[in-house]
Amino acid sequence: MRRAQWSIVPSVGFMSTSLSLRAPVSHRGLLTLMCAAVVLVVGMVAAINLAVPPLAASGLHPSAPALVWIVDTYVIVFACLVIPAGAAGDRFGRKGVLLTGLGLFAAGTLLSALAPDVAVLLAGRALTGVGAAAVLPNSLAVLLHAVPAGRRAGTIATWASMTGIGGVAGNVGGGLVLTAGSWRWLFAAAAGVSLGLAALAARYAPVSSRHDRRLGAGSATLLTGASVALLLAIVQGPEAGWGSVVVVGGFATAAVLFTAWVFAGLRSVHPLLDPRLFRDPRLRSACLGLTAIFFGMFALFYVNASFLQYAKGFGVLATGLGIVPLTVPVILGGPHVGRLTSRIGLDATVACALAFVGGGLLGLSTSDAHTPYGVYAAWLVVAGIGVTLALPTLSGVIAGALPPAQAGVGTGLQATTREFGSALGVAVIGTVSTARFAAALPPDARGAHTVAEALTRTSRPADVVTAFVSGADAGLRFTGVAVLVLGALVVGESWWSRRA
């Protein structure tokens, strides 16, 4: 007879207790289960972009800044809590925290699906982000506890690849769900998948040992508050005015809280993320490079979904499939990046990566309603080449800059960097494109901040679409230039550090 195993995990203000009757499962089966959990939480970052047009036209009547927050609330909470959530798994049990995360993810998406107004939807998105932060690091920790030492390298590589596949799965899966129903169905479907994964994990995931590790709740609070204040200032800039109290106060608050986070880390004996790590120029430049890549990519995802639907007339499924050319270089070229790096050098590889991403975004900024999709897809491939070169190279630099004992910190740092770059990219391109769109609207639609709102005001819908394309192009140009500038800083610092 099997023995019942109890896992008691305190999380987010309540006590979660799960009874696990473990059943035998193959390593491959457990890997598939944990990878599915990663695809779910990462895919949700991409899938929500497809829902922006139907959300804008919905009875919630969200403003343009609200649409950005609907996307970014999940991402920024996810980014800021992923390292503390990994620590919670070490302290209270990885399986228990994983199950708690899947439960919170399901609760958050269900709350979002039933939201009667924007405020409740944002609360649901924040709760979902807490759940995602608990799932991502602990899914890997559960795997590493279960697999033999000889299989760990391959297991980590497979798990890591899911963070890339998740974006594609989110676009395609989100397109399928949204084709069948309203935006609420997207959240309802995610809740159902999360509950199903939780049931399987409760039955098959092993229970691991626990370690007395700090949670760093105060540090996580400072980092989250600073990130939200920064995004608030960026998002509200066009509407409130860049000199307004809200915007200036947001930037000032972000600076104060980021500074407080650094000092708290320096004073702590065992900080979860030690600010001293960033004294290493390799680590500093690699983190900046990953931020730049995801800044560009998720800015593109945010605009791409609306561009293909409004300007090209694609349905949501075709829109989800429309981003697939970006992944072709990743699939075909990923295995060869290591050989290329050994031949041309690290700096040249990183420089090419950021140049391709920035150049691809600039190329996409030349598209309009009359641009053939083949041309648009070609520019997606260009950007995809940059992503292919960047991800394994920069991830390898971060891993190599930290000692083996801090491998978990490296994984968490990569996740935090990626998600923070994603949130910043959405905020910046949303701000730039909305400002340009509002200025380019026909006179009878002036004052509208979304395409859906403008279309209800005007008798010239074609001019509204033209204004939207103008805004999208401006946002992509700004983002492309920003990626190129950040790329120059990354390569320049790497080169300078070797000369010093």
Side-chain angles (χ1 to χ4, degrees), residues 79 160 163-164 227 230 234 258 262 273-301 326 329-330 333-334 337-365 382-402 406 409-429 476-500:
T163 61
S227 303
L230 176 62
I234 293 171
F258 273 126
V262 171
L273 180 58
D274 191 342
R276 297 177 190 86
L277 293 173
F278 294 101
R279 292 174 178 171
D280 186 334
R282 296 174 301 162
L283 184 66
R284 194 166 58 236
S285 61
C287 287
L288 180 60
L290 269 184
T291 300
I293 292 294
F294 280 84
F295 172 87
M297 286 301 93
F298 277 81
L300 169 61
F301 291 160
L326 181 75
V330 178
V337 174
R339 289 197 295 272
L340 178 66
T341 302
S342 63
R343 176 173 296 182
I344 68 175
L346 177 64
D347 286 350
T349 303
V350 173
C352 288
L354 289 156
F356 272 108
V357 171
L361 293 172
L362 291 175
L364 288 165
S365 73
V382 171
I385 293 172
V387 174
T388 304
L389 295 173
L391 293 187
T393 305
L394 293 172
S395 297
V397 171
I398 293 174
L402 295 171
Q406 292 183 298
V409 173
T411 301
L413 182 57
Q414 290 184 48
T416 299
T417 301
R418 289 195 304 264
E419 301 306 329
F420 183 77
S422 303
L424 195 60
V426 170
V428 168
I429 201 167
L476 287 169
R477 279 194 299 274
F478 185 92
T479 306
V481 170
V483 169
L484 293 175
V485 170
L486 291 172
L489 291 174
V490 169
V491 176
E493 180 172 36
S494 178
W495 176 80
W496 182 261
S497 67
R498 289 200 310 275
R499 288 175 55 90

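Sequence positions, counted from 1, serve as the residue numbers for this chain.
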Side-chain touch V262/F258, heavy atoms, less than 4.5 angstrom: no

Heavy-atom side-chain proximity of F295 to V483 below 4.5 angstrom: yes

Reported SG-to-CD1 distance for the pair C352 and I344, which is rounded to 0.5 angstrom: 5.0 Å

Closest non-hydrogen atom pair, T388 against G333: CG2-C, 3.8 Å

T479 side chain to A299 backbone, donor-acceptor under 3.5 Å: no

OG1 on T417 to CG on L394, rounded to 0.5 Å: 10.0 Å

Residue list, ring pair (Phe, Tyr, Trp, His ring centres under 6.0 Å) with F298, at least two apart or on another chain: F301

With R284 via side-chain hydrogen bond (donor to acceptor under 3.5 Å, both in side chains) - residues at least two apart: E493

Closest non-hydrogen atom pair between A355 and L484, with its separation: CA-CD2, 3.8 Å

Any V350 side-chain heavy atom under 4.5 Å of T393 side chain: yes

Closest heavy-atom pair and its distance - I234, A427: CG2-O, 3.8 Å

Closest non-hydrogen atom pair, R477 against L362: O-CD2, 3.6 Å

Side chain proximity check, L290 to L391, heavy atoms < 4.5 angstrom: yes

CG-OG distance between D280 and S285, expressed to the nearest 0.5 angstrom: 8.0 Å

Side-chain heavy atoms of V387 within contact of V357, under 4.5 Å: yes

Under 3.5 Å donor-acceptor, S395 side chain and P392 backbone: no

C287 versus L413, closest heavy-atom pair with distance: SG-CD2, 3.7 Å

Heavy-atom check, side chain of I398 versus side chain of R282, under 4.5 Å: no

Derivation and outcome, side chain to side chain contact (heavy atoms under 4.5 Å, CB included), residues R418 and T291: CA-CA 6 Å; R418 289 195 304 264; T291 300; over 6 Å; no

Note, L288 side chain near F278 side chain (heavy atom, < 4.5 Å): no

Interatomic spacing from CZ in F420 to CG in L230 - rounded to 0.5 Å: 5.5 Å

Test applied, side-chain contact (heavy atoms from CB on, under 4.5 Å); reference residue, V490; option that passes from V485, D347, L354: L354

Heavy-atom pair with the smallest gap, counting every atom of V330 and L326: CG2-O, 4.1 Å

Partners passing salt bridge (Lys or Arg N to Asp or Glu O under 4.0 Å) against R343 (at least two apart in sequence or in another chain): none

